[in-house]
Amino acid sequence: MTSQGGQASARWGKNPFPVSAVARFSPLNGESFSIQTPAMAQALAYVDQYLAEESGESGQADKRRTRPVNGNVIAVVGEYGTGKTHLSIELLRRIQSNDDDALHVFYVDAPADNFLALYRDRFFGQLDRRDVLQRVAEYYADVVAEELDESPLTENVARLLVDRQASPHEIVQRFGLRESTFQQRLQERLRSITEHEEFGTALGLFMRPEFEAAVWEWLAGHPADPVLQERGIHRTIDDDISALEAIGVFAFLYGRQHHRFVLIVDEFEKVMSRETRSATDGPAVLAFKKLLEVFSQSRSLLVLSGLPDFMEVLPTDARQRIASIVRPTALSFDDACQYVNNALGRGSEDLAPFSDDSISYLVELAGGNARKVIRLCYHAYEASARSGADVTRAMVREVARQQFEVSTPDDVLSDVARILDSNGLIFERSKRMSKKPSFVADYWLPVGSEGAGCAIKITQSVLHAPEAERLAQAAEAFQKGRGNVATVLIVNGYLAEPLANQVNSSFSRVMTYSPMRFSEDFSAAISSFVNRLESASNEDRLGLVESKLDQLLRQTQSVRRAVDAVQQDSISPDSVELAVEGGIRRAFGQVAGRPDPIASSWRLSAATAEVFRKALNEASSLEDSVQADLRQTFLRSKHSSTRKNVAASLPRTLAAGALVSIIEGFRDAVVDSTRNTRPETGDRDHALSDACMMYDRYFEELLSTVRMNNESSPVIDTSPRGEPFWVRLEGLKNLAMEVWQAERRQDLLD
C-alpha cells in the first residue's frame, strides 16, 4: 500500500493528525478539541474566577466609581512544544464564549525585539475606533450626570446617563448647557484615570469630530498633528516606554468604566529575554513593571505566554506582580489515548493502527512533549499506511530518526568547526581519548599543556538503552583520573526522554542540535568550559595570557576576513579606486585649507561628511585609548592581577581596531552610492539603505563577538575621558541612522 500527499490507504483513510503539530491562532467559530491536563484545568479555573467576578451595582453612579477593582496577570511558561500556544488559545475560547458586551479581548503574537512593535504592529490594529470612542463617551456621560444629579429636577435625567440610556451630547444640547465646561472636566477626569497628561488631553479631544482623525493617528504612533501640538500634545509613541504606557492607558480606559479588558500575548520571550533590546533597557523594564501594576489595579486580565527565558529576566518585584504561573504539563498515556481517539473520530476504543503498547512507547519516547507526540503520531500513521501494518515500536523509532535528524552528520561537523574557528579556538579533529571502552572525540580543544581540555562528541539519535549506555560508559572511562576536562555531547536528532538522565549524568553538557539556536548556545557553552578550565589550570599565568592573546588575534582575523569578503562582494573596483582617490584628496585638501572634497567632488553632503568625520575621530580615539591601556598592562606585568587586566584590555583592543575598518568600509559604500547612482531613479536610496543595514549588522556582530569575551572578565574599564569604554562604543551604534537622516535632509534642501 502507498500514501501520497498525506493520503493513506482505503483501510486507514486520510491522515487525521496535523503535519506541523504547531498551534496557530485562527478564527474561533470552529470546533476544537483540548485535553484537560492539570495545567489546562488550572488556567481555565483562574479565567473562570475572573469571569465570575460581579461587575458592580448598576444605577448607583457613586458606587460604580468607588468600587474596588480587581485584576489579574497570568504567565503561561514552558519549553518548545509543551502546548503554551494551544493553552493560550483555549483560554481565549473560554473568555470569548462568555456572552458579555463589556468583555473586550485582544490576542497578539509578540514580534521580535521590542514593545513598540508589539503595540504598533500587533495590538493597536485590533482596536475598534468606534468602541474606543464609546468608552470615552461613557466618561463624558458620567461628568454630565454628576452636574445634573445635584438638582431634584434633573436627577432622573442623570440616572438615564448613568444607565447609558441617553446620549450626553443630546442632553447637553437639550438643556442648553455649556459644552466647553464639560469637555474641560472630561479632560481632567481622563488625565486622572489614565495617569498621563497628554493621553488624557488627547482622549478628551477625541470626542470632538474635528479632532477625531488627528487623535486616532497619534494613538497609532504617528507624530502629533499641529492641531494637537497647539493643545500641549508633543510626544510621539515611538519607544518602548510610551508604547507600554499606551497599553496601560487603554486598560484603564476600559477597566475603570467597568468593562473587562483582556490582553493575551503569545511568544512573549521575543520581547523579553536575554537577547532582546527591551529586556536590557532599564527604563523599559520599569515601564513594564508599571504595566503589570495597571492590570492589577483595573478590571483587566493580562496573559503572558512564552519560554522560561522571559521569566528569568524579570526582576523579582515584577515576578511578584504575576498572580498565577501556569506550566503546561507533559501528556500522560491516558491523555495521548484520548487525543488519538478524538483525532481518529471513531467514537470508540478502537485506536488502530495504534495499540496501547505503541502509544505508550510513543509517549515515553517523546517525554510527554505534546508537539513531539502529535508529530510522531502523524508520521507513524503515514508509515503504517505505507507498509500496511499496524504501528510498532520499531516503526516509531524509525520515523523519529527520519523526522528529527534534520541535518546530515557532515553538516553538523562543519557547523561546529565554523563556530570554533569564529571564536578563535584551536582544536584537533577525530582524537582518540580512550581505548577501552573506545571514546573518539570529534573535536578536542586543548587548554594549557597539562592534558586539560574539552572533548566534543557528535552522535545521531539516541533511542535505545544500549546506545545511551555505550556513550555514558565511554565518557566516564575518558574522564576517570582526569580532573581538568570537560565533555560535550551533541545529539543530531532525537534523544529519548527516558535515556536523557543517564546521558546527562555522564557528560558535562548534552545539547540537541537545532539549526535555529545551536550556534548561540554552543558558543556560550564552549566559552564557559574553556574559561573554567583555564582558571583551574596550574600552568604559568603568562602562558595562559599568551594563549588568550592568540585566541583573540585569531578571532580578530576572522572578523576582518568576513568584512573583506563582504567588501569584495558588494564594493566594485571603481569604488575602491574612488576610496583611494578620496583619501589623497582629503589629505592634501586639508593641508591647503580647501573645502572638504568628500562634500564637494563626491556629491556627499557636508552634513554626512561631518557625521563620518566625528565617528572616525571617536573610533580612533577609542583605539588610542585601548592601546595606551594595553601598554600600561604590559608595564604592570609583575602584578598579581595581570591576567585580569589583560582579559579586560583585549576585548577593547579587538573592538576598537575592527570598528575603524567597519566605519571606513561603510563610508566608502555611501560614497559609492552617491557617486554611481542617480537620485531620481531610486537606485541611490536602495544602495544607501543597503549600506546602512550592512553597517548595523556588522556593528551588532562585533558587539556580540566582543561581549562574549568580556563576560568572562567583568572588569569596569574606564577611558581617560571618564566614561566607560562600552558607553563610548555604544555611542557609534546609531551611525547608520545619522547618515541616513543627514542624506534625507540634504535631499529636501536639493
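- In this structure a side-chain-to-backbone donor-acceptor pair under 3.5 Å is present from Arg122 to Asp109.
- Heavy-atom minimum distance, Val77 versus Pro328: O-CD, 3.0 Å.
- At least one donor-acceptor pair under 3.5 Å links the side chain of Gln126 to the backbone N or O of Tyr107.
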Salt bridge (Lys or Arg N to Asp or Glu O under 4.0 Å) evaluation trace for Arg235 with Glu197: CA-CA 11 Å; Arg235 69 184 300 187; Glu197 182 81 14; over 6 Å; no
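- Of the possible donor and acceptor atoms, none in the side chain of Arg327 sits under 3.5 Å from a partner among the backbone N and O of Gly78.
- At least one side-chain heavy atom of Phe206 sits under 4.5 Å from a side-chain heavy atom of Arg129.
- Below 30°, between 30° and 60°, or above 60°: for Phe123 and Tyr119 the angle between ring planes is between 30° and 60°, a tilted geometry.
- Ala619 approaches Ile663 most closely through the heavy-atom pair CB-CD1, 3.9 Å.
- Gln187 places no side-chain N or O within donor-acceptor distance of the main-chain N or O of Gly204, the cut-off being under 3.5 Å.
- Side chains of Asp142 and Gln257: a donor on one and an acceptor on the other come within 3.5 Å.
- Side-chain atoms of Leu735 and Asp696, non-hydrogen and from C-beta on, never get closer than 4.5 Å to each other.
- Between Leu118 and Val108 there is a side-chain heavy-atom pair separated by less than 4.5 Å.
- Annotation: Trp218 is in aromatic contact with Phe199 [ring centroid separation under 6.0 Å].
- A donor-acceptor pair under 3.5 Å is formed between the side chain of Lys84 and the backbone N or O of Glu79.
- Tested against Leu205, the residues Val136, Leu186, Val227, Leu228 include a single side chain to side chain contact (heavy atoms under 4.5 Å, CB included) partner, Leu228.
- In this structure the side chain of Phe250 never reaches within 4.5 angstrom of the side chain of Leu263, judged on heavy atoms.
- Separating the OG1 atom in Thr329 from the CG atom in Leu87 is a distance of 9.0 Å, to the nearest 0.5 Å.
- The distance between the ring centers of Phe612 and Phe666 falls below 6.0 angstrom.
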Derivation and outcome, side-chain contact (heavy atoms from CB on, under 4.5 Å), residues Asn72 and Leu302: CA-CA 6 Å; Asn72 304 275; Leu302 176 63; over 6 Å; no
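- Tyr139 contributes a side-chain N or O that, together with a main-chain N or O of Leu253, makes up a donor-acceptor pair within less than 3.5 Å.
- Close placement of the Tyr254 and His104 rings is indicated, their centers lying within 6.0 Å of each other.
- Looking at heavy atoms from C-beta onward, Val265 lies out of side-chain contact with Ser305 at the 4.5 angstrom threshold.
- For the pair Glu90 (side chain) and Met40 (backbone), a donor-acceptor distance under 3.5 Å is absent.
- Within the 4.5 Å cutoff, side-chain heavy atoms of Glu198 are placed close to those of His234.
- Formation of a donor-acceptor pair under 3.5 Å by the Asn114 side chain with backbone atoms of Ala117 is found in this model.
- Taking the six-membered ring for Trp and the full ring otherwise, Phe252 and Phe261 have centroids separated by 6.0 Å or more.
- Between the OG atom in Ser300 and the CD1 atom in Ile247 there is a gap of 12.0 Å [rounded to 0.5 Å].
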Derivation of the side-chain contact (heavy atoms from CB on, under 4.5 Å) call for Lys290 and Leu286: CA-CA 6 Å; Lys290 175 62 178 177; Leu286 291 175; over 6 Å; no
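- When side chains are defined from C-beta on, Leu91 counts as touching Leu44, because their heavy atoms get closer than 4.5 Å.
- Annotation for Thr236 and Gly221: closest pair CG2-O, 3.5 Å, computed over non-hydrogen atoms.
- The line from CD of Glu267 to OG1 of Thr85 is 5.5 Å long, rounded to the nearest 0.5 Å.
- Taking each heavy atom of Val294 and Ala251 in turn, the nearest pair found is CG1-CB, 3.9 Å.
- Checked by atom type, the side-chain pair His259/Glu138 shows a donor-acceptor distance below 3.5 Å.
- Here CD1 of Ile74 is found 9.5 Å from CG of Leu304. Values are rounded to the nearest 0.5 Å.
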Stepwise side-chain contact (heavy atoms from CB on, under 4.5 Å) check, Leu103 with Val105: CA-CA 7 Å; Leu103 188 60; Val105 190; 4.1 Å; yes
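- Taking the six-membered ring where the residue is Trp, the centroids of Tyr695 and Trp740 are separated by 6.0 Å or more.
- Checking Phe310, Phe268, Phe295 one by one against Phe288, the ring-ring contact (aromatic ring centres under 6.0 Å, His included) holds for a single residue, Phe268.
- Here the closest heavy-atom approach between residue Pro315 and residue Lys289 is recorded as CG-CD, 4.4 Å.
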Arg120 vs Asp238, side-chain contact (heavy atoms from CB on, under 4.5 Å): CA-CA, chis, key distance, verdict: CA-CA 9 Å; Arg120 282 182 174 178; Asp238 58 0; 3.6 Å; yes
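- Ion pairing between Arg319 and Glu312 fails under the 4.0 Å rule for side-chain N and carboxylate O.
- Neither side chain, Asp266 nor Ser88, offers a donor N or O lying under 3.5 Å from an acceptor on the other.
- Under 3.5 Å, the side chains of Thr201 and Arg231 contain no donor-acceptor pair of N or O atoms.
- Looking at heavy atoms from C-beta onward, Ser296 lies in side-chain contact with Val73 at the 4.5 angstrom threshold.
- Because its NZ or CZ atom is both nearer than 6.0 Å to the ring centre of Tyr50 and within 45° of the ring axis, Arg260 counts as a cation-pi partner of that residue.
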Chi angles and distances behind the salt bridge (Lys or Arg N to Asp or Glu O under 4.0 Å) call for Glu188, Arg185: CA-CA 5 Å; Glu188 293 173 357; Arg185 292 180 185 175; over 6 Å; no
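- At distances below 3.5 Å, not a single donor-acceptor pair connects side-chain atoms of Asn734 with backbone N or O atoms of Met737.
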